[in-house]
Amino acid sequence: MGGDVARTKGSDGKKTEAAIRERALELIVRHGFEALTMRQLAGAAGIQAGALYRYFPGKQSLLFALMERHLTGTIAAMESLPNIADAEDGVRQFVRFHIVHHVTNRTSNHVVNNELRSLNRENFAAIMKLRAAYEKKLRTILKQGTASGKLATADTALTATAMLAMTNEICVWFRDGGALNLQQVADIYAQMAVQMVLAPGEPKSISA
């Protein structure tokens, strides 16, 4: 991708590809993937339609690239988090990260969550594998915490799914300038998540 292709004078390959990705995300969120045309995207990115295919051979490869970039970036960011002290700390840290990262990357997160149906079978499997790798972190925290007696979950996979569903909705309604800022919202949800799974008899701390 990139290289010597017909593109807007004064631009370079990386900047052009970044512009294509950014415009594609915006157009997909606004109109839906199925309604997007490559000619429309080329115009929005400021390049000739023919040049677009040097970066992305077609709509399917474009959609896969957008989703893969978002998920691999999310996993890398998650893996760079500090080591957790215990299961409670792990739940709190994961939920805070999930909320802040996904709201900060709201546009790409919207595409990943709402356009899975538009992937072909092979690309769908690859994206779901990446999603599973990310979500495995939370399931592992819950599983280990339950085994240690710190947490109490009847089904760790189902509990993880419930936590993710609860926090994913924040991307829909959160806006800057409200009564609470993003970090405050993340802290409150993290505390709620801990209270959902903390074993009976464990002190329900409200630590930062």
Side-chain angles (χ1 to χ4, degrees), residues 25 29 66-117 119 124-208:
L25 289 169
V29 169
L66 294 173
M67 291 188 175
E68 183 184 41
R69 171 73 66 86
H70 173 78
L71 288 168
T72 55
T74 300
I75 292 169
M78 178 189 65
E79 291 177 345
S80 70
L81 292 173
N83 292 330
I84 61 174
D86 56 25
E88 180 181 345
D89 179 48
V91 170
R92 201 183 302 277
Q93 184 187 93
F94 184 94
V95 170
R96 282 174 173 158
F97 168 80
H98 183 79
I99 292 170
V100 173
H101 182 82
H102 283 76
V103 172
T104 303
N105 298 276
R106 192 196 307 264
T107 305
S108 54
N109 184 60
H110 175 95
V111 172
V112 170
N113 285 338
N114 291 278
E115 295 294 349
L116 288 169
R117 64 187 181 277
L119 291 170
F124 178 84
I127 292 302
M128 292 306 294
K129 185 175 181 179
L130 287 173
R131 285 177 61 128
Y134 172 69
E135 294 170 6
K136 183 180 178 181
K137 176 69 172 180
L138 178 57
R139 292 196 300 271
T140 299
I141 292 168
L142 294 172
K143 183 177 181 180
Q144 292 177 346
T146 301
S148 72
K150 180 74 174 179
L151 306 181
T153 59
D155 186 307
T156 54
L158 186 59
T159 302
T161 298
M163 284 187 180
L164 291 167
M166 176 180 76
T167 52
N168 284 341
E169 285 300 308
I170 298 172
C171 281
V172 177
W173 59 260
F174 178 81
R175 293 294 182 273
D176 290 324
L180 299 172
N181 64 36
L182 181 56
Q183 191 59 61
Q184 289 172 320
V185 170
D187 288 344
I188 292 170
Y189 269 75
Q191 183 62 23
M192 287 193 294
V194 167
Q195 290 174 337
M196 285 171 57
V197 296
L198 202 61
E202 289 290 335
K204 297 188 177 182
S205 63
I206 310 179
S207 58

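The structure displayed is predicted, hence computed values, not measured ones.
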### Side-chain donor-acceptor contact under 3.5 Å, H98 with N168
yes
### Message
Does atom CZ (R69) have a neighbourhood of more than 12 heavy atoms from anything else shown, all under 6.0 Å?
### Response
no
## Note on the structure
Given the options N113, L119, T72, M67 meets side-chain contact (heavy atoms from CB on, under 4.5 Å) only with L119
### Message
Please tell me whether D187 and Q183 have a donor and an acceptor in their side chains that are separated by less than 3.5 angstrom.
### Response
yes
### Query
Once you round to the nearest 0.5 Å, how far does CG of L142 lie from CE of M163?
5.0 Å
### Message
So, taking the atom named CG in L81 and the one named CZ in F97, what distance separates them when rounded to the nearest 0.5 Å?
### Response
5.5 Å
### Query
V185 and W173: which non-hydrogen atoms are nearest, and at how many Å?
CG1-CH2, 4.0 Å
## Note on the structure
Tightest non-hydrogen contact, residues T167 and L164, listed as OG1-O, 3.1 Å
### Distance-minimising heavy-atom pair for P200 and A152
CD-CB, 4.1 Å
### Task
Can you see which heavy atom on A190 is nearest to which on R96, and at what distance?
CB-CG, 3.8 Å
### Query
Is it true that a side-chain atom of N109 and a backbone atom of N105 form a donor plus acceptor pair closer than 3.5 Å?
no
### Query
Looking only at heavy atoms, what is the nearest atom pair of A193 and V95, with distance?
CB-CG2, 3.8 Å
### Task
Before giving the answer on ring-ring contact (aromatic ring centres under 6.0 Å, His included), spell out for H102 and H70 the whole-Å C-alpha distance, their side-chain angles and the decisive distance to 0.1 Å.
CA-CA 10 Å; H102 283 76; H70 173 78; 5.7 Å; yes
